[in-house]
Protein chains: 2
Amino acid sequence: MLAKSTQYAIRALVFIQLRNWEKQRPGVEEIAREIEAPVAYSAKILQTLTRHRLLGSVKGRGGGFAFEEMQSELSIYGVIHVMEGDSCFHNCGFGLKSCNSANPCPLHEEYGVMRDGFFDIVKSETIHSLSKKIQDGNAVLNRFG
Amino acid sequence: MLAKSTQYAIRALVFIQLRNWEKQRPGVEEIAREIEAPVAYSAKILQTLTRHRLLGSVKGRGGGFAFEEMQSELSIYGVIHVMEGDSCFHNCGFGLKSCNSANPCPLHEEYGVMRDGFFDIVKSETIHSLSKKIQDGNAVLNRFG
DNA sequence: TGATAAAAGGACCCGTAAGTCCTTATATAA
DNA sequence: TTATATAAGGACTTACGGGTCCTTTTATCA
């Protein structure tokens, strides 16, 4: 499963995208409220995202977070990558250091298929595509819809 | 990904199965060495497994661990269940408390497919089936084969 | 230019998984 | 029956992800 901080990050980015489409630039408090995460922790996560240039931020009065050009086609994989690394896409499901097709663990094939499937999903889905589903009413971001 | 303790548990059980087929009953030290895990920690894990009756143990001289009748058809799911619970088969990949087909998160469909696929694997594969792959030379348990 | 509203950043705390150590219980063999 | 080899168990430590708090920086507005 994805780390909690990664989940917060994805939810936050989707929310920011939705607000950006409304020409708004949400701040930490609004974002934290919407994604149901602690304010201070959300701030840390947003800081990480901006530091890695996945997101833009504006300080001072009227400031907040917004995507800059090219940033919103960010894939979910990109978010996972900066939040928790991508070892979950490489590591053996059995925990073996040296597991490969020449020297497979007993779960190598099946696990590999599943893992690659997940990789395809997170590579093809983007903050943009997820946000669109919500805007079109085909998905929700929290319990309030 | 599976917890480290779950991975150790599965590897340990497979090794025990292989040794049992050779009419042997390995002890903690031998098991730990083979699965490349700390001895004391392996002991803890084996204790958990026997306490939950997934495995038999014999104390004292010449003692060790062995499957009793019916125990070796144990599914991988069964091991996961006692080692770390099964929340990973239920929780939303997006981290939403209330995500379901009526109120789906933007990843609900795709994530569900993957998660169910993983569930099918761990439900159908057993300690016995994994051990057999190794015995048949179609898989390895550690870097030495 | 000063007050204020925001993000950035550093230092710290907390809970849990991972891991260690020492003692106790129990079986076997001499 | 005693010494010994083993698993069981409890108490502890360590590492790390998750989370808080306080200060600093930077922008805007009056």
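Residue numbering restarts at 1 for every chain, and letters A, B, ... go by the order of the sequence lines. All values below were derived from every heavy atom in this structure, side-chain atoms included, with hydrogens, water molecules and symmetry-related copies excluded. Small disclaimer: the values here were computed from a predicted structure and weren't measured.
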Between [X] and [N], is there a side-chain N or O to OP1/OP2 distance below 4.0 Å?
X       : N      : result
B/Thr50 : D/dA7  : no
A/Ser57 : C/dA6  : no
B/Tyr41 : C/dC21 : no
A/Gln47 : C/dA8  : no
B/Ser5  : C/dA17 : no

If you pin B/Arg51 and A/Thr6 to their nearest nucleotides in DNA chain D, which one's is more 5'?
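The answer here is B/Arg51.
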
Which of the following nucleotides, [options], is nearest to the side chain of [X]?
X       : options               : value
A/Lys59 : D/dC29, D/dT26, D/dG9 : D/dT26
A/Val28 : C/dA29, C/dT4, C/dA7  : C/dA7
B/Ala40 : C/dT20, D/dA5, D/dA7  : C/dT20

To the nearest angstrom, how far is [X] atom [atom1] from [N] atom [atom2]?
X       : N      : atom1 : atom2 : result
B/Arg61 : D/dT1  : CZ    : C1'   : 14 Å
A/His52 : C/dG9  : NE2   : P     : 12 Å
B/Ile35 : C/dG19 : CD1   : C1'   : 13 Å
A/Glu29 : C/dA7  : CD    : P     : 8 Å
A/Phe65 : D/dT26 : CZ    : C1'   : 13 Å
B/Leu49 : D/dG9  : CG    : P     : 13 Å
B/Leu46 : D/dG9  : CG    : P     : 13 Å
A/Gln7  : D/dG19 : CD    : P     : 11 Å

In terms of the angle between their ring planes, are B/Phe89 and B/Tyr77 parallel, tilted or perpendicular, with boundaries placed at 30° and 60°?
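Ring orientation, 0 to 90° scale: tilted.
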
Parallel, tilted or perpendicular: which fits the ring planes of B/Tyr41 and B/Tyr8, with parallel below 30° and perpendicular above 60°?
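If you compare the ring of B/Tyr41 with that of B/Tyr8, the planes turn out perpendicular.
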
Using the side-chain contact (heavy atoms from CB on, under 4.5 Å) definition, which of the options A/Leu2, A/Ile10, A/Thr126 pairs with A/Ile76?
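Testing each of A/Leu2, A/Ile10, A/Thr126 against A/Ile76, the sole residue satisfying side-chain contact (heavy atoms from CB on, under 4.5 Å) is A/Ile10.
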
I'd like to know if B/Lys133 pairs up with A/Glu109 as an ion pair, taking the criterion as any Lys NZ or Arg NE/NH1/NH2 lying under 4.0 Å from an Asp or Glu carboxylate oxygen.
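Result for this pair is no, no salt bridge flagged.
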
Using 4.0 Å as the upper bound for N to carboxylate O, is an ion pair formed by B/Glu30 and B/Arg19?
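Yes.
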
Find which nucleotide of DNA chain C each of A/Val58 and A/Lys44 is nearest to by heavy atoms, and output the residue with the more 5' nucleotide.
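First, find each residue's nearest nucleotide; the 5'-ward one identifies A/Val58.
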
Could you check whether A/Ala3 gets within reach of a base, just the sugar-phosphate, or nothing at all, counting any heavy atom under 4.0 Å?
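A/Ala3: backbone/sugar contact only, no base atoms under 4.0 Å.
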
